[in-house]
Amino acid sequence: MKTSTEGFGSGLLGVLIFSGSLPATRLAVAGFSPLFLTAARALIAAALGALLLVALRERRPARRDLPSLGVVALGVVIGFPLLTALALRHVTSAHSLVFIGLLPLATALFGVLRGGERPGAIFWAFSLAGAASVAGFALTHGGGGSVAGDTLMLAAVALCGLGYAEGAALSRRLGGWQVISWALVLASPAMAALALATEPGGWAAIGSSAWVGLAYVSVFSMLVGFIFWYRGLALGGIASVGQLQLLQPFFGLILAHAVLGEAVSWAMCGVTMIVVACVAGARRYA
């Protein structure tokens, strides 16, 4: 019980940090191209992760861990950041955030395929109910949608769920922050090449808000959030703790309203209560 509680507490901190990712990305893509933003945020986080690995004298991952680290890098270092940055050129951050409510279902599915977990039927019922609530909110109240943006967000959610589940399974051997740090280091050569190929032509024209967005997604979204998130998934279970992601769209919408001035409706408050109930039920029966 103590391990489960610690897992949920750590996972909730991760979700709170991740909730600012899409509003911050929305700020950043106003000054940087999606390709450069993806590369830059990964390189900054990789530098910080490498410093931690060296300072704490962490052992190198075994050769058998490299494929899994590659999957983590594909999902959360490259795939999700790039696809969401591209999506945010077509949709508002408020609209994109509601798709994050589908992440718990994606994470749970990949937790079964990659992590060997076997949650029961009641868990799946709560998980599907939560996902359906968020999907219904997206269709009726999300606003600012487009086919291209929605398709990119769905692809981003699928890759992110894969990266979360793979990283959580691997963190049981390597540790949570070590997994994301090694994944960032592994991806850094490709990200360096991409950054050089896509760097902005005029740095002086980039606004301060874009720099703030880049700083947030580089330090918090790409590294600090994962320290708490992978620890939570490893301690509390991929499928169970993953349900906390149902809360992320609503935390993010509050931030989108506060930072970007995007509207928050009463419908969001009602769906939030349903989502909280689904998270509690899924945790009980995971």
Side-chain angles (χ1 to χ4, degrees), residues 17-18 20-50 69-97 99-100 103 106 144-164 166-167 180-226 252 256 259-260:
I17 292 170
F18 290 150
S21 297
L22 292 179
T25 300
R26 179 77 169 178
L27 290 174
V29 294
F32 301 102
S33 73
L35 288 172
F36 179 81
L37 176 61
T38 300
R41 65 189 282 182
L43 286 173
I44 294 169
L48 296 173
L69 286 171
V71 171
V72 174
L74 174 65
V76 301
V77 176
I78 302 171
F80 184 79
L82 176 59
L83 291 173
T84 52
L86 290 169
L88 285 166
R89 288 195 157 187
H90 301 279
V91 299
T92 65
S93 63
H95 184 82
S96 66
L97 275 161
F99 284 86
I100 303 303
L103 256 178
S146 77
V147 174
D150 291 354
T151 301
L152 287 165
M153 283 304 304
L154 288 172
V157 164
L159 281 177
C160 191
L162 173 61
Y164 280 172
E166 193 73 26
I180 189 59
S181 295
W182 284 118
L184 286 162
V185 170
L186 183 65
S188 59
M191 294 295 96
L194 180 61
L196 288 173
T198 60
E199 67 175 305
W203 293 95
I206 298 171
S208 59
S209 60
W211 286 108
V212 170
L214 173 61
Y216 188 92
V217 296
S218 300
V219 177
F220 293 98
S221 302
M222 291 299 295
L223 185 62
V224 177
F226 279 102
V259 176
L260 303 175

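Nearest heavy-atom pair across Pro34 and Leu82 is O-CD1, 4.0 Å. A pairwise comparison of heavy atoms in Val217 and Ala24 identifies CG1-CB, 3.8 Å as the closest pair. Residue Ala195 comes nearest to Leu43 through the heavy atom pair CB-CD1, 3.8 Å, listed as atom of the first residue, atom of the second, then distance. The shortest non-hydrogen separation linking Leu35 to Leu194 is O-CD2, 3.6 Å. A pairwise comparison of heavy atoms in Gly161 and Leu103 identifies N-CD2, 3.6 Å as the closest pair. Summarising the geometry of Met191 relative to Thr38, their closest heavy-atom pair is SD-O, 4.1 Å, with the distance given to 0.1 Å.
Checked by atom type and distance alone, the side chain of Arg41 never pairs as donor or acceptor with a backbone atom of Met222 at under 3.5 Å. Judged purely by atom type and a 3.5 angstrom limit, Ser21 uses its side chain to pair as donor or acceptor with the backbone of Phe18. Side-chain atoms of Thr84 come within 3.5 Å of backbone atoms of Pro81 as a donor-acceptor pair (strictly under, hydrogens ignored).
For the atom pair Met153 CE and Cys160 SG, the distance stands at 9.0 Å (nearest 0.5 Å). The line from CZ of Arg89 to CG of Leu152 is 11.5 Å long, rounded to the nearest 0.5 Å. A distance of 10.0 Å separates CG in Leu37 from CG in Leu86, rounded to the nearest 0.5 Å. Taken to the nearest 0.5 Å, the OG atom of Ser218 stands 10.0 Å off from the CG atom of Leu184. Here Leu83 contributes atom CG and Leu88 contributes atom CG; the two are 11.0 Å apart, rounded to the nearest 0.5 Å.
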Go through the steps to decide whether Tyr216 and Trp211 satisfy the test ring pair (Phe, Tyr, Trp, His ring centres under 6.0 Å), and finish with yes or no. CA-CA 9 Å; Tyr216 188 92; Trp211 286 108; over 10 Å; no
Report the C-alpha distance between Phe220 and Ile17 in whole Å, list the side-chain angles of each, state the deciding distance to 0.1 Å, and finish with yes or no for side-chain contact (heavy atoms from CB on, under 4.5 Å). CA-CA 7 Å; Phe220 293 98; Ile17 292 170; 3.7 Å; yes
Could you go through Phe226 and Trp182, starting from their C-alpha distance and side-chain angles, then the distance that decides it, and tell me whether this counts as ring pair (Phe, Tyr, Trp, His ring centres under 6.0 Å)? CA-CA 12 Å; Phe226 279 102; Trp182 284 118; over 10 Å; no
